[in-house]
Amino acid sequence: MLDIKFAVTNLDKIKEMLIKRGQTIDLAPLESLNDERKRLQQEYDSLRAEQNKASEEIARLKKDKKDASSIIASMQSAASKVKEIQPKLTEIEDKLRSVLLLIPNIPHESVPVGTDSAQNPVVRTWGEKPNLDFKPKEHFDIGENLGILDFDRAAKISGARFTIYKSHGAALERALINFMLDVHTRENGYTEMLPPYMVNAKAMTGTGQLPKFEADLFKTNYDYYLIPTAEVPVTNYYADEILKGADLPIKFSAYSACFRSEAGSYGKDTRGLIRQHQFNKVELVKFAHPDNSYAELESLTNNAESILQKLGLHYRVVSLCTGDIGFSSAKTYDIEVWLPGQNAYREISSCSNFEDFQARRANIRFKDAGGKTRFVHTLNGSGLAVGRTVVAILENYQLSDGSVVIPEALRFYMHGLEKIT
RNA sequence: GGAGAGGUGACCGAGUGGUUGAAGGUACCGGUCUUGAAAACCGGCGUGCAGAAAUGUACCGUGAGUUCGAAUCUCACCCUCUCCGCCA
């Protein structure tokens with residue numbers, strides 16, 4: 001959420017931002033609602049001032065055992081007027097907030113201008129495509145042939161976009177989770193967290209999934225939403241709190257299952273593990289000082305990259321352009337891993353700095369060195385999407401006979417297994 | 001599911017209708033003292049909105065109500081804790 005003062009005094013900037021993002025929002029209500037709010041607030045304040053003054057006078061008279069009935073009678077009209085204005089004011093404030101909640105974040109000045117993902121510049125690449133002297137298979141064929149992924153039976157018991165991992169497949173997924181958490185907690189300085197997978201609407205609003213993206217979420221019949229990412233519970237961990245400036249940055253790493261309705265992506269990635277209703281992810285979350293949140297974004301991205309490096313998987317980092325960047329984000333790097341079977345780079349991590357956009361929604365603040373209370377900057381990134389990492393391993397480490405080599409960094413977690421055959 | 005207790009500032013904790021934005025303490029910031037630190041003492045110390053400022057106003061879980069006036073009374077809801085029952 002943007003700051004209302006900033007919003008009404010920088011309407012041009014917001015309009016420009018919306019054009020760059022390729023979106024249209026009617027901003028007229030913003031100005032008129034804010035004017036109306038100010039007008040009502042002033043009226044309300046002066047009425048209340050009158051009431052408060054009279055109250056003091058009444059108190060004084062009563063204390064002196066004098067008659068106050070005339071002044072009490074004279075205040076009755078003011079009281080009824082206050083009752084008239086109050087609900088109007090509340091209504092305007094609610095409307096104003098609901099408009100603000102639908103305005104996306106302003107991209108950082110370093111974010112490239114562009115219309116879609118084709119215009120995301122590559123920032124860097126790491127490693128090289130593997131040399132496969134045969135036609136590489138896609139991960140779902142490899143997995144099914146090895147008997148470690150079962151899509152048909154998952155469809156039978158759940159539906160499309162679900163998978164059952166079996167045997168070494170299940171072990172591989174579990175190994176990756178432990179491997180990633182160990183690297184982030186022991187080498188990268190994150191504190192591990194295991195959060196709830198169901199949260200309330202307030203938490204979803206805090207991180208920006210609600211109110212705009214309700215259709216992307218699964219909701220239970222008890223008013224709980226299934227989390228689409230651990231970002232939601234972990235970022236909201238400090239909602240409505242004031243942190244100590246000296247404690248920043250605070251870094252959490254959390255494994256969770258993630259649930260997404262994938263509404264609107266019908267027909268995309270229908271086969272395999274790439275796009276699932278339920279998938280596993282290890283998430284990185286940071287609460288940072290506004291002065292160095294962009295340096296923190298770089299290191300967070302590097303932390304996510306370190307997993308791919310240890311696994312020996314070739315990837316590139318792209319900077320999302322203004323037309324592709326997410327609603328809440330001010331700047332996002334996507335890490336795209338190379339998939340020989342698909343002959344394409346695919347997103348395996350998305351690392352973002354939200355600046356104070358989420359902090360303002362979730363009300364997460366800190367005391368700076370001067371004792372002033374300010375909003376923190378929140379950041380997060382996948383470290384990494386586990387299912388897609390399995391895809392990358394199967395496709396990059398496949399052999400011509402259909403077997404798959406286990407990357408060395410993972411063998412400890414696979415009890416020494418070197419190859420899935 | 002049944003019975004009870006409670007939600008106050010960064011934290012602990014007073015406060016049951018009239019100068020209460022809210023005692024006291026802790027933490028924090030500044031100062032005195034000290035070679036330095038600690039201790040002690042003195043002072044400061046919430047946030048939003050409007051305003052150039054003075055100042056005004058709002059905020060004591062959330063929402064509604066009673067009243068000239070609500071942290072304080074009424075109702076609903078949310079959350080936490082304790083006991084009983086049931087269950088992994």
Side-chain angles (χ1 to χ4, degrees), chain A residues 1-10 30-101 194-206 210 219-225 233 236-248 250 287 289-290 356 359-376:
Chain A
M1 185 166 67
L2 299 176
D3 176 52
I4 176 65
K5 248 191 226 169
F6 171 85
V8 294
T9 52
N10 293 277
L30 206 59
E31 229 173 344
S32 59
L33 283 172
N34 193 48
D35 289 347
E36 179 72 357
R37 196 201 88 228
K38 270 194 195 177
R39 195 182 63 73
L40 281 171
Q41 183 73 55
Q42 275 164 10
E43 199 177 335
Y44 178 83
D45 282 1
S46 61
L47 273 171
R48 289 292 292 163
E50 192 187 333
Q51 272 190 316
N52 288 340
K53 237 183 217 167
S55 271
E56 269 179 48
E57 181 64 21
I58 293 166
R60 207 172 305 133
L61 288 172
K62 290 220 164 176
K63 208 172 156 194
D64 298 343
K65 309 263 185 217
K66 286 182 184 158
D67 177 46
S69 56
S70 70
I71 187 167
I72 287 176
S74 75
M75 286 317 291
Q76 259 150 17
S77 72
S80 69
K81 228 184 228 171
V82 165
K83 285 224 168 80
E84 214 177 285
I85 293 176
Q86 207 168 24
K88 280 191 203 163
L89 191 57
T90 314
E91 193 192 327
I92 293 279
E93 279 170 348
D94 288 349
K95 269 190 197 164
L96 196 56
R97 182 174 163 82
S98 66
V99 172
L100 278 173
L101 282 174
L194 188 60
Y197 297 172
M198 288 190 263
V199 300
N200 56 34
K202 187 178 180 236
M204 284 293 189
T205 307
L210 290 179
K219 189 180 183 182
T220 72
N221 55 346
Y222 285 94
D223 285 342
Y224 292 120
Y225 291 86
N236 280 285
Y237 183 72
Y238 285 126
D240 295 317
E241 293 193 34
I242 298 178
L243 308 172
K244 284 183 185 158
D247 290 344
L248 302 177
I250 296 171
F287 301 85
H289 193 290
D356 62 9
R360 184 172 280 113
R361 285 170 166 251
N363 195 28
I364 306 168
R365 295 170 294 172
F366 75 104
K367 275 219 193 307
D368 70 13
K372 201 171 151 45
T373 306
R374 300 166 61 187
F375 289 112
V376 300

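Note that the structure is predicted; figures quoted are calculated from it, not measured. Hydrogens, waters and symmetry mates are skipped; everything else that's a heavy atom, side chains included, is used.
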Point to revise | Partner set under side-chain hydrogen bond (donor to acceptor under 3.5 Å, both in side chains) for R60(A), not counting sequence neighbours | key: E57(A)
Review point. Are K95(A) and I92(A) close enough that some pair of their side-chain heavy atoms sits under 4.5 Å apart?
Key: no
Check your understanding: What residues, two or more places apart in sequence or in another chain, satisfy side-chain hydrogen bond (donor to acceptor under 3.5 Å, both in side chains) together with S70(A)?
Key -> none
Check your understanding: Rounded to whole angstroms, how far apart are CD1 on I71(A) and P on C68(B)?
Key -> 13 Å
Exercise for review: Take atom C1' in C79(B) and the same atom in U62(B), then report the distance between them in whole Å.
Suggested key: 10 Å
Review point. Say you pick atom C1' in U8(B) and the same atom in A22(B); how far apart are they, in whole Å?
Key: 9 Å
Exercise for review: Sticking with atom P, work out how far G6(B) lies from U72(B), rounded to a whole angstrom.
Suggested key: 15 Å
**Study point:** Structure string for RNA chain B in dot-bracket form, Watson-Crick and G-U at under 3.5 Å, | interchain
**Key:** ((((((((.[[[..)..(.....]]].(((((.......))))).(((((....))))).[[[[[..)....]]]]])))))))....
Check your understanding: Is any side-chain heavy atom of L30(A) closer than 4.5 Å to a side-chain heavy atom of L100(A)?
Key -> yes
Would you tabulate the pairs of protein nitrogen or oxygen atoms and nucleotide nitrogen or oxygen atoms of nucleotides 85-88 of chain B closer than 3.5 angstrom?
none

Check your understanding: Given the P atoms of A10(B) and U47(B), what is the spacing between them in whole Å?
Key -> 9 Å
Revision key, fill the gap. Value for CZ (R97(A)) from CD1 (I4(A)), rounded to nearest 0.5 Å, stands at 11.5 Å
Check your understanding: So, do I250(A) and Y238(A) sit near enough that their side-chain heavy atoms are less than 4.5 Å apart?
Key -> yes
Review point. With N221(A), which residues qualify under side chain to side chain contact (heavy atoms under 4.5 Å, CB included), at least two apart?
Key: none
Revision key, fill the gap. R374(A) atom CZ is separated from A10(B) atom C1', nearest whole Å, by 17 Å
**Study point:** Inter-nucleotide P distance (G63(B), A71(B)), Å rounded
**Key:** 13 Å
Check your understanding: Would a distance-only check, ignoring hydrogens and angles, find a side-chain to backbone donor-acceptor pair under 3.5 Å from D67(A) to S69(A)?
Key -> yes
**Study point:** Whole-Å gap separating C1' (U62(B)) and CG (N200(A))
**Key:** 13 Å
Revision key, fill the gap. With sequence neighbours left out, the residues meeting side-chain hydrogen bond (donor to acceptor under 3.5 Å, both in side chains) with D223(A) are none
Point to revise | Qualifying side chain to side chain donor-acceptor pair (under 3.5 Å) pairs with a residue from residues 362-374 of chain A, counting only residues at least two apart or across chains | key: D240(A)-N363(A), N363(A)-R365(A), K367(A)-T373(A)
Practice item. May I ask you to check whether Q41(A) and D45(A) show a side-chain donor-acceptor distance below 3.5 Å? Key: yes
Revision key, fill the gap. For I364(A) and F287(A) the tightest heavy-atom approach is CD1-CE2, 4.0 Å
Exercise for review: Pick the C1' atom in C68(B) and in G17(B), then give their distance to the nearest Å.
Suggested key: 12 Å
Exercise for review: Side-chain contact test, heavy atoms from C-beta onward, threshold under 4.5 Å: evaluate it for Y225(A) versus L210(A) and give yes or no.
Suggested key: yes
Check your understanding: Rounding to a whole Å, what distance do you find between R60(A):CZ and G69(B):P?
Key -> 18 Å
Exercise for review: Sugar-phosphate atoms are those with a prime plus P, OP1 and OP2; base atoms are the rest. Using that split, label each nucleotide of nucleotides 43-59 of chain B B, S or - for protein heavy atoms under 4.0 Å, 5' to 3'.
Suggested key: ----S-SS-----BSS-
Check your understanding: Is the closest side-chain heavy-atom distance between D35(A) and R39(A) below 4.5 Å?
Key -> no
Could you tabulate the donor-acceptor pairs under 3.5 Å formed by side-chain atoms of residues 73-90 of chain A, not counting sequence neighbours?
| unit_1 | atom_1 | unit_2 | atom_2 | d |
| --- | --- | --- | --- | --- |
| S74(A) | OG | I71(A) | O | 2.8 |
| S80(A) | OG | S77(A) | O | 2.9 |
| Q86(A) | NE2 | Y44(A) | OH | 3.3 |
| T90(A) | OG1 | Q86(A) | O | 2.9 |

Study note, to complete from the structure: Comparing M75(A) with K62(A), nearest RNA chain B nucleotide closer to 5' gives the residue K62(A)
**Study point:** P-based separation of C73(B) from A37(B) [nearest Å]
**Key:** 50 Å
Study note, to complete from the structure: Per the under-4.0 Å heavy-atom filter, residues of residues 78-89 of chain A near RNA chain B come out as A79(A), K83(A)
**Study point:** Separation of the C1' atoms in C45(B) and G21(B), to the nearest angstrom
**Key:** 14 Å
Check your understanding: With a non-hydrogen cut-off below 4.0 angstrom, is Q76(A) in contact with a base, only sugar-phosphate, or nothing?
Key -> sugar-phosphate
Each nucleotide N or O in nucleotides 27-31 of chain B that has a protein N or O under 3.5 Å away: list the pair and distance.
none

Review point. Taking atom P of G61(B) as reference, at what distance in whole Å does atom CG of N363(A) sit?
Key: 16 Å
Check your understanding: Is R361(A) reaching over with its side chain to a backbone N or O of T205(A), donor-acceptor style, under 3.5 angstrom?
Key -> yes
Point to revise | Distance in angstrom units between D240(A) CG and G7(B) P, rounded | key: 19 Å
Point to revise | ring pair (Phe, Tyr, Trp, His ring centres under 6.0 Å) against Y224(A), all qualifying residues, sequence neighbours excluded | key: none
